[in-house]
Every structure is written in structure tokens, then in C-alpha cells.
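Structure incoming, see below.
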Amino acid sequence: IKVTPDIAEITYNVDTQEADAKACQTKNAKDVDAVLSLLKEKGIDEKDIKTNDVGLNPIYDWNNGRKITGYEMTTEIVV
């Protein structure tokens, strides 16, 4: 059976690094809002956009023990 595809799935990651967790979350949320606005502006229906995964992790300096030097946050958006 041969058919023409009628569905595509694209995954976007919004990655942010900041010195503290709160600033990282705030910046990531702002960047995610900008991506969502752009997708809607390009004609993507809101029902076709979903957040698939969100993660906030410390960044360690392993050379000086286990010192936290910042935070990294990733939000995955699937269209």
C-alpha cells in the first residue's frame, strides 16, 4: 500500500542556562512564550502544539569538587 503522508511532527527544544534556578526558569518561560507566539503567528493551531517534557538541572564544576555553578533548563515542544 502506498499513501501520501498527511502528518508531520516537529520537536523543538528551548534550552536556557543561568546562574540561579529562578532566573533560569524565568528566562526559559519567556523564550518558550516567544516560540509559541511565533508558531501561532505562522498559522499553527494551538491544539497542535504541546509541551512534551520540561527539565531543570544543576550544572556542576567537577574540577573543584561537586560545586554547582549554574542551572540548565530544557522545555520540549512538539508540533
Side-chain angles (χ1 to χ4, degrees):
I1 297 175
K2 290 185 178 183
V3 296
T4 303
D6 63 351
I7 296 175
E9 183 175 285
I10 300 170
T11 302
Y12 297 94
N13 281 334
V14 179
D15 297 317
T16 307
Q17 288 186 355
E18 291 291 335
D20 67 80
K22 178 81 172 155
C24 195
Q25 288 177 309
T26 301
K27 175 81 166 84
N28 190 266
K30 181 180 174 185
D31 292 345
V32 166
D33 287 344
V35 170
L36 296 176
S37 292
L38 178 65
L39 291 171
K40 291 173 189 172
E41 182 181 299
K42 296 296 180 183
I44 306 296
D45 195 334
E46 191 169 344
K47 70 177 177 53
D48 294 325
I49 302 169
K50 73 174 187 172
T51 301
N52 204 38
D53 191 26
V54 177
L56 176 65
N57 296 300
I59 300 170
Y60 292 102
D61 178 359
W62 293 102
N63 294 325
N64 295 313
R66 190 177 168 181
K67 182 180 177 187
I68 295 176
T69 60
Y71 291 85
E72 178 178 49
M73 184 167 188
T74 301
T75 301
E76 184 179 274
I77 300 169
V78 179
V79 179

(request) Verify the distance criterion only: is there a donor paired with an acceptor across the side chains of Asp61 and Thr69 at less than 3.5 Å? (result) no
(message) Hydrophobic clustering (ILVMFWY, side-chain heavy atoms < 4.5 Å, transitive) - are Val78 and Val35 grouped together?
(response) no
(message) Glu46: which residues meet the salt bridge (Lys or Arg N to Asp or Glu O under 4.0 Å) condition with it, sequence neighbours left out?
(response) Lys40
(message) Restricting to side chain to side chain contact (heavy atoms under 4.5 Å, CB included), what partner residues turn up for Leu56, sequence neighbours left out?
(response) Ala21, Cys24, Gln25, Tyr71, Met73
(request) Quick one: which residue pairs count as a side chain to side chain donor-acceptor pair (under 3.5 Å) with a foot in residues 49-58, not counting sequence neighbours? (result) Asn52-Glu76
(message) Assigning hydrophobic clusters by single linkage (Ile, Leu, Val, Met, Phe, Trp, Tyr; side-chain heavy-atom cutoff under 4.5 Å), is Val54 placed with Ile10?
(response) no
(request) Could you pull out the closest heavy-atom pair between Glu18 and Thr16, with the gap in Å? (result)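 Here Glu18 and Thr16 meet closest at CG-CG2, 4.2 Å.
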(request) State whether the side chain of Asp20 and the backbone N or O of Lys22 hold a donor-acceptor pair below 3.5 Å, judged by distance alone. (result)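 Answer holds: yes.
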(message) Within this structure, what is the CD1-CG distance for the pair Ile77 and Leu36, rounded to the nearest 0.5 Å?
(response) 4.5 Å
(request) Can you measure from CG (Asp33) to OG1 (Thr75) and round to the nearest 0.5 angstrom? (result)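 These two atoms lie 10.0 Å from each other.
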(message) If I take atom CD from residue Glu72 and atom CG from residue Asn28, how far apart are they, to the nearest 0.5 angstrom?
(response)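 Going from CD on Glu72 over to CG on Asn28, the span is 10.0 Å.
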(request) Taking Asp45 for its side chain and Asp48 for its backbone only, find out whether a donor-acceptor pair lies under 3.5 Å. (result) no
